[in-house]
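A, B, ... follow the sequence lines: proteins, then strands. Residue 1 opens every chain.
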Amino acid sequence: MRLIRLLLLRSFRLRPARVLLSMFGITLGVAGMLSISVTNQSALDAVQRLLVNTSGSARLSIIPAVSGGESLPEQMVSAVSRVAGVQQAVPVLKVTTSLASQSAPEQVGLSFFGANAGGMIIHGVDAAAELRAREYRVTSGRFLSSSPEANEIVLVENFAEDNDLKVGQRIGILTPYGVERVLLVGLIAKEGAGLTNNGAFGVAPLRTVQRMFDRAGEVDQIDVLVEESYTSTAQLNLLARNVQQRLGTRASVVSPASQGRRTTEMLNNYQIGLNFLSGVALFVGAYLIYNAFAMTVVERTREFGMLRTVGMTKAQITAQMLLEALVLGLAGSFLGLALGILLSRGLSQLMSGLLNIDLVRMPIPVSAVLTSLVLGIGVTLLGAMLPARQAGNVSPIEALRIRGKSREGWLLVNGWKPGVVLLASSVAILLWNPFAYDPMFRLGSLTVFLLFLGVTLILPAGITPWERMMQPVVKLLYGSSGTLGSRNIERSRLRSTITVGALLVGVAMILVVRGMTESFVSDLRLWMEAYLGGDIYVNSAVPLRSTVGSQLRAIPGVAMAAPVRYLPVQWKTASSDVQETTLMAVDPVSYTQVTGFVFSEGQTNPAEAVQRLAQGDAVFLSSVLSEKYGLKPGDTIYMRTRSGWHPFSIAAVVVDFYNNGQMITGSWADMRRYFRVNDANTFLVRVQPGEDAAEVEKRIDRQLGKRYRLILELNDSLRKRAFSLLDQAFIMFDVLAVISIVVASLGVVNTLTMSVIERRREIGMLRAIGLTRNQVARMVLAEAGIMGLLGGVFGIVLGILLTRLFLFGMAAMSGYKLAFVMAPEGLIFSLVIALVVSQLAALLPALQAARTPILEAIQFE
Amino acid sequence: MKILEAQNLHKTYELGKVTVRALAGVNFSVSAGEFVAIMGPSGSGKSTLLHLLGGLDQPSGGVVILSGQQLSGLSDKQVTLMRRRNIGFVFQFFNLLPTLTAEENILLPVIIDGQDPRKYEGFLVRLLDLIGLTDRRHHRPDQLSGGEQQRVALARALINQPAILLADEPTGNLDSKTSKAMMELLRRSCTELGQTIVMVTHDPRAAAYADRVVFIKDGQINQEIQFSSEDDLPKRYRQIVEIMEHLELSE
């Protein structure tokens, strides 16, 4: 204990800056890990909670087998309740509408899932059954009465407040047949079922809603409360089969939990990316720890030699260093936890904006805290291991010896051989590309590891030839004293390798982030231009009949209005299971006049493909589905239509990011014929050449806006908002890349400071024989510059390989197949970043070296 | 002709609250081609004098004039350039750069000055021959013995033919045999190359190679001996030891 107090704590007190620096990397890594895991967990929880709350205690739900306008007959409710094991069948009729008093929003709502028109959702329910199925907390007034035909409604408190509605008021609800007035009898809290549609939600008696929306005898969903004795999954599955048998093919029995899969998948993809990057930040943190400890060993060689002289064993010294590491790791990790909790608050806000869900502040899960702590401390100990052993190996005589070139182990001398093999094999794996659809990306992760290890092993061997090669450049940039500096990187190749390695990882991270963003964004932008094509985006909370199209076209200045309808559908291939996805129906003729499709590379003639689609019984498949199921143009898929499974031939593969990329595009005529749907969600309007889009937008609003509750937005502004949403999603990646480079620059500071301390007497001698302060500083800057260049060039190579790997990984994990895009400016930018960072980091050590007092230094031993 | 002159040199240090007078009015000059040894007991101020003469430190009072140029009052950069072009240094610890070969270490002042080292090839060959390391010119310091390293340091100090060579205990880290070889080399550089040398040492055997020995005590010049060319080394040695004993006994 006394030893710890004497040696450890005093060493900390003597070098507070070093202690902070060492902790910094760990703190950042741990904070990143924790905040990402907490935020994602709370996002997943929010999605799950939303599902649980809105589906309530129902264990099964019955929905129409064919979606899109199709509903279930109300008689089915009693049929379901008669099945053995069913406690109660709870009917729901869902309508999307809007308050008559509520003005249409000025902007189209945007989230990761696409555009939406806002508006409110009303559920027509059987009050008594509903209360058994879902939780409602009445905060004012009362819940619905038991009378099934009462002309009343209950709204979510916040929504009512936002719209200035009071209990007892008669409120106007917009229906396709005009405004209907109902009595607001109560308000419910925005929790439980009140979370539906983010609170823009109300419930009214089933009959009332059926009457208002002319849907007598229809329901959209039947939730099934199961008898308590049905506890196992097997029992539940059996029950589901029984219900399905009773109902025939018209209805599907599903589990409510399956409906949040889309969000969960998307969050998982996002989390894999972020986790990988924070792992890298921690990895760079380990570099920093190594560096800081190696520096301590250099500084304290005499101290260790002396301690060995007075009888401290090797093991004692090593243990002493590891103990220091442990204390630092603990402190750094705890700081990281605190920072992580703060970060997760900010990240949650970002995420709730992206997902359009309220994230409730979650208690930090103990498992996440423990994982972060263990990782933080583990990485610190790992980073300190080698220097700790070096410290133990300091011989008493060594403390007195003049240090020249340090001894080099096998890895430094011969490590390049296995390094080349590793690099070659990881490149071979990349070229061979065996990444079939694998959500875990196992082989890919292994390749990432091989790449890192390979490059790290090759680096030491590359240092000397690189230094020789760059000498003319160094001389040109830094003058004759520069060559003296650049030679120094050979002196401790291990230390130089570590520093170059940290820079390399930072540069590679920037490239990966840029490469991924560029590749993703270039495809995404292309698609978004098409998705949000035309000049004006016309949307509404209520379905728009196809006659709206001709009305729009009749408005002066409108060249064309193309309807778009999204329809949930079930589909399968000849061999696969039934899948759920979204069908986007468009009228190929008007659609191609307003905007276009983004065809995947290597397609047949696009004009032919569009013609094929217009002819009917054909679809365009999204590239993600094509990749995921190995489908190509000419293949056949089946969609469940009103008349059963119907074959559609794939006319083309198109790039589509809507609905996580899982999309089928069909023709309007097919949708009418097979799904009997003829209304649109959206119209894309192209204005006539020379017309001012804003002016035409005003005209549309004046003539049709009020009647159809239209939400109009110029596509320019919509696209701008969509791109800014995109930028927000990528900002986290940028932040992590910046962290990596900052941590790497701290590594440069460490290495150079160490180098300056070690060479104090040399610098004194050089000053004595005529090196000016300026030249000394340039010498140190040159040393940093050459490391920056090396890190930059190797980082570019690694960055390109990694980006390709991640693109493969993305195709393997999610089905997004993106073209590799990396602008040459990006490469130059990375090199410049590496150089600038190395020079900035070298400023302080260079200044320190320039200020070396000659007399003290030449007498320094 | 006087190459180096010190007039009324004073140097005081503040050590905490105590003021230490290292030099107290030293007047001293060196003529071109002369080999002067400075001797004195520990703490007498001999190293301080050397540092002031070399522009490594600034005097508290008095002036140093090198080749007609006054050192005090010059900026750091000017003094540095003065050192680079007019002064050669040999230290007790050889202070070679471990990353450079023997040849590159010798050419270091030329490289630092931004000159083309090829222009010095002829003189380099001569120096390598003088120090007897022609066949080891491409070796790095860690492949050379202590004596060899010190000879490289000497060649480095001579490469740009400085006005004066300042040596601070050049044999302090060498055994007696290599010390002797080193001193012979210094003597030859003076005789054969006409190099002016000022050397600080406390080794009477080393000082015996000089033309003149200056004894310092308590920061002031106490005595001087001028040897004639006929005096052999043992005689010189005895004279020096005698004076040293006298100085030390009188403390």
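- Only the side chain of B:R156 comes within less than 4.5 Å of a heavy atom in chain A; its backbone stays farther off.
- Within residues 100-107 of chain B, the residues that have a heavy atom under 4.5 Å from a heavy atom of chain A are B:L100, B:E104, listed by number.
- Of the two parts of A:S481, neither the backbone nor the side chain holds a non-hydrogen atom closer than 4.5 Å to a non-hydrogen atom of chain B.
- In this structure, CD1 on B:I112 lies 9.5 Å from OG1 on A:T483, to the nearest 0.5 angstrom.
- Residues A:L766 and B:L108 are in side-chain contact: their nearest non-hydrogen atoms beyond the backbone lie under 4.5 Å apart.
- Around the CZ atom of B:R137, the shell of radius 6.0 Å holds more than 12 heavy atoms that belong to other residues, nucleotides or ligands.
- With contacts defined as side-chain heavy-atom distances shorter than 4.5 Å, the pair A:I854/B:H51 does not qualify.
- Residue A:R851 qualifies as open at atom CZ: its count of foreign heavy atoms under 6.0 Å is 12 or below.
- The minimum heavy-atom distance between A:E762 and B:L96, with the atom names listed, is CG-O, 4.4 Å.
- Neither the backbone nor the side chain of A:R759 comes within less than 4.5 Å of any heavy atom in chain B.
- Contact annotation: the side chain of B:D76 approaches that of A:R767 to within less than 4.5 Å [non-hydrogen atoms, C-beta and beyond].
- In this structure, the separation between CG on B:D113 and CD on A:Q775 is 8.0 Å, given to the nearest 0.5 Å.
- Counting heavy atoms from C-beta on, the side chains of B:T80 and A:R773 never come closer than 4.5 Å.
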